[in-house]
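Chain letters run A, B, ... following the sequence lines, proteins first, then strands; residues in each count from 1.
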There are 2 protein chains.
Amino acid sequence: MEVRELRYFRAVADELNFSRAALRLGIAQPPLSRAIRQLERRVGVQLFVRDTRQVALTPAGHALLAETGRVFDAVSAAVHRTRRAGQTTPSVVVTAKAGVATELLRRVVRAYAEVPGAQAVEIVVSGYGEQTAMLRDGRADLALIGSPADHSGFDTEHLASEPRVAALPVGHELADRESLRCKDLIGQPMSQWPEASHADRVYWAGRDHDLPTGGPEIHDNSQLLENVALGQTVALIPRSLAEHTPRPDIVYRPVLDASPYTTVIAWPSGSTAPWIARFVQLACTQVVTTVIDGPSSP
Amino acid sequence: MEVRELRYFRAVADELNFSRAALRLGIAQPPLSRAIRQLERRVGVQLFVRDTRQVALTPAGHALLAETGRVFDAVSAAVHRTRRAGQTTPSVVVTAKAGVATELLRRVVRAYAEVPGAQAVEIVVSGYGEQTAMLRDGRADLALIGSPADHSGFDTEHLASEPRVAALPVGHELADRESLRCKDLIGQPMSQWPEASHADRVYWAGRDHDLPTGGPEIHDNSQLLENVALGQTVALIPRSLAEHTPRPDIVYRPVLDASPYTTVIAWPSGSTAPWIARFVQLACTQVVTTVIDGPSSP
DNA sequence: CTTGCTTATACCCTGGAGGTATGACGGATG
DNA sequence: CATCCGTCATACCTCCAGGGTATAAGCAAG
């Protein structure tokens with residue numbers, strides 16, 4: 001099976017229409033039909049049931065579609081990492097969400113620069129949920145990831161945990177309380193990241209608590225806080241974020257029984273590159289000196 | 001980048017010799033040289049430094065070689081799983097090492113058969129260390145794996161832990177002791193699985209204990225025990241294995257501070273197929289009733 | 001210098017990927 | 001019911017890239 005065939009397959013599986021898929025691929029429809037037929041012949045199973053009006057995936061087609069992502073990720077990871085390794089001064093790429101843990105990252109990078117023989121470090125700031133994608137497809141070598149992310153397929157090492165606070169608009173009914181509990185937030189509109197899976201939503205809200213969903217969807221921290229200030233939503237955020245973004249129109253209140261916000265450093269599982277081990281080790285020791293304090297979760 | 005190009009690259013990287021690589025690939029040498037050149041041109045980096053006498057990998061080549069395995073695994077997983085899904089009665093394939101945990105597996109399979117709408121279950125017995133390979137390349141959907149294995153890239157759920165015993169030949173100097181400790185075994189010839197990485201060896205011997213290596217290499221349990229009986233080696237094995245294979249020429253003695261032998265059920269990380277969740281859940285509940293008893297580790 | 005081993009170059013050939021034109025089918029529409 | 005439109009399949013052509021053979025070129029060893 002060749003990558004080109006898989007690209008064709010995925011286009012058809014996405015569009016469920018040979019003509020549109022061919023358009024998307026930039027080829028004509030007949031060669032696409034033929035390529036799919038040939039793929040079916042080679043693998044030995046039918047992937048689509050198609051009459052002249054309808055195209056649908058067979059169970060085998062569904063199975064193949066589920067696997068295509070891994071193949072594309074592996075291939076583009078190979079290309080990306082090879083290209084980077086081929087540069088005159090290869091650098092290690094670390095990605096992290098804006099805001100959270102950047103001061104930690106700066107410290108680690110400074111410390112890593114001291115290591116004899118260390119490459120340059122390139123820090124790429126990425127949007128919510130994009131860190132894992134960048135690790136998977138090879139745009140990054142290491143990532144700092146917050147707790148509600150999907151770590152599957154990565155090796156991780158725990159870096160820091162910090163308590164969460166609720167961000168409330170000034171004048172909110174809960175704003176005069178010193179601290180809150182998860183159950184206090186039930187019934188409140190609660191913002192969700194757009195890409196968050198169900199598991200993420202549960203986790204984000206604090207594991208095992210039946211916190212509400214359905215607030216407006218937001219894409220970054222400033223947008224989130226803007227929505228909070230406007231009274232559109234409330235939000236559970238890590239305490240450090242609250243400390244770095246004081247706003248006159250928002251109050252932050254600790255949520256005592258929310259699951260702590262944890263930051264992990266992640267890298268592609270099974271990587272044996274020695275500098276990954278060195279960087280991770282450095283990050284772990286740095287985090288000890290950086291002391292992200294706060295009461296430990298009960 | 002196409003899979004064919006990667007196959008060619010890997011052959012050359014393995015052989016470090018274009019002629020032999022071409023022979024292995026079943027093509028002539030000139031097309032292979034050209035294909036590699038074209039790959040280098042497409043990716044934009046040099047992969048090999050070659051004069052007329054020597055071929056060596058560049059740093060970029062090393063980086064690419066490290067990624068090829070993931071690509072091949074992903075591709076063959078796609079093919080295997082698609083083929084299986086295309087059969088008239090698709091079955092779920094579970095793999096496990098012979099001996100250990102087979103009674104558990106039988107119970108789970110019986111229970112799973114009761115589930116409405118459940119597929120047939122096919123059990124494949126595989127050699128040491130092969131379970132993970134089968135998961136990775138799609139020959140299996142689920143695997144029961146013993147503790148010294150490399151779980152990276154898989155999701156796992158803990159199933160059972162059991163203490164380890166040392167297998168000693170009758171008449172061995174330690175055979176008359178009721179129980180042992182790891183340090184008693186220092187200096188004994190200790191068998192290693194051939195594919196075991198360094199991490200595996202450490203783990204297998206009981207984490208953090210400086211147990212010896214260098215015994216004869218063995219490939220399955222019966223061969224291992226045969227070697228023990230012949231006085232060639234001693235072995236640390238899970239207790240259930242000892243109980244299922246009583247031998248007049250071998251005595252088993254508990255090793256109190258060896259790390260327990262744990263069995264986990266593993267599946268490709270990120271799989272969302274509902275039947276995986278159902279099977280795993282079933283396995284976890286079954287293991288509670290199967291009660292693999294024994295003293296918990298200190 | 002010759003021999004033997006390597007990779008690179010030159011050249012040819014063929015299979016298959018891609019294009020165009022068109023057929024066959026079925027739903028929508030009047 | 002007839003027409004039209006959108007769909008996938010078929011037929012046929014073109015052309016290039018992947019593969020083969022022959023051979024040059026480079027280097028080490030004898």
### Task
Considering just the side-chain nitrogens and oxygens of A:N17, establish if one lies under 4.0 Å of OP1 or OP2 belonging to D:dC8.
yes
### Task
Tell me whether the OP1 or OP2 atom of C:dG26 has a side-chain N or O from A:Q54 closer than 4.0 Å.
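So the side-chain polar atoms of A:Q54 never come under 4.0 Å of the phosphate oxygens OP1 or OP2 of C:dG26.
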Measure [atom1]/[X] against [atom2]/[N] and give the value in whole Å, please.
X     : N      : atom1 : atom2 : result
B:Q46 : C:dA8  : CD    : P     : 10 Å
B:I27 : C:dT14 : CD1   : P     : 19 Å
A:E15 : D:dC8  : CD    : C1'   : 15 Å
A:I36 : D:dT7  : CD1   : P     : 17 Å
B:L32 : C:dT6  : CG    : C1'   : 13 Å
B:L39 : D:dA17 : CG    : C1'   : 15 Å

Please list each protein N or O that sits under 3.5 Å from an N or O in nucleotides 9-12 of chain D, with the distance.
| residue | atom | partner | partner atom | Å |
| --- | --- | --- | --- | --- |
| D:dA9 | OP1 | A:R37 | NH2 | 2.6 |
| D:dA9 | OP1 | A:R50 | NE | 2.9 |
| D:dA9 | OP2 | A:S33 | OG | 3.2 |
| D:dA9 | N7 | A:Q29 | NE2 | 3.0 |
| D:dA9 | N6 | A:Q29 | OE1 | 3.3 |

[X]: which residues meet the salt bridge (charged side-chain N to carboxylate O under 4.0 Å, His left out) condition with it, sequence neighbours left out?
X      : answer
A:E226 : A:R247
A:R4   : none
A:E2   : B:R7
B:E122 : none

### Message
Could you measure the distance from the OG1 atom of B:T82 to the CG atom of A:L47? Nearest 0.5 Å is fine.
### Response
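So the gap between those two atoms works out to 7.0 Å.
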### Query
Rounded to the nearest 0.5 Å, how far apart are CD of B:E130 and CD1 of B:I145?
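So the gap between those two atoms works out to 12.0 Å.
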Donor-acceptor pairs are to be reported for all side-chain atoms of residues 274-283 of chain A against protein atoms at under 3.5 Å, with residues two or more places apart or in another chain.
none

### Stems involving DNA chain C, each a run of at least 3 consecutive Watson-Crick or G-U pairs under 3.5 Å
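Expected stems, ordered by start: C:1-30 with D:1-30.
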Check: residues 26-33 of chain B side-chain donor-acceptor pairs under 3.5 Å, at least two apart:
| residue | atom | partner | partner atom | Å |
| --- | --- | --- | --- | --- |
| B:Q29 | NE2 | B:S33 | OG | 3.1 |

### Task
For A:T95, enumerate each residue passing the side-chain hydrogen bond (donor to acceptor under 3.5 Å, both in side chains) test, keeping only those at least two apart in sequence or located in another chain.
A:S126
### side-chain hydrogen bond (donor to acceptor under 3.5 Å, both in side chains) against B:N17, all qualifying residues, sequence neighbours excluded
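Partners of B:N17 by the side-chain hydrogen bond (donor to acceptor under 3.5 Å, both in side chains) criterion come out as none, since no residue qualifies.
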Between protein and nucleic acid, restricted to nucleotides 26-30 of chain D and to nitrogen or oxygen atoms under 3.5 Å apart, what atom pairs and distances do you find?
| residue | atom | partner | partner atom | Å |
| --- | --- | --- | --- | --- |
| D:dC27 | O4' | B:T52 | OG1 | 3.2 |

### Task
Answer yes or no: is there a side-chain heavy-atom contact under 4.5 Å between A:V79 and B:E67?
no
### Query
So, A:R50 and A:E40, do they make that salt bridge, N to O below 4.0 Å?
yes
### Task
Report which part of the nucleic acid B:S19 touches: base, sugar-phosphate, or nothing (heavy-atom distance under 4.0 Å, all strands).
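Since a base atom lies under 4.0 Å of B:S19, the category is base.
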### Task
Assign each of A:G26 and B:V55 to its nearest nucleotide of DNA chain C by heavy atoms, then name whichever residue's nucleotide is nearer the 5' end.
B:V55
### Query
Do the side chain of A:T156 and the main chain of A:V264 share a donor and acceptor less than 3.5 angstrom apart?
no
### Query
Should the heavy atoms of other residues, nucleotides or ligands under 6.0 Å from CD of A:Q54 be counted, would the total exceed 12?
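Count not over threshold, so no.
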### Task
Return the residues of residues 3-11 of chain B meeting this criterion: a heavy atom under 4.0 Å from some atom of DNA chain C. Order them by number, or give none.
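Those residues: none at all.
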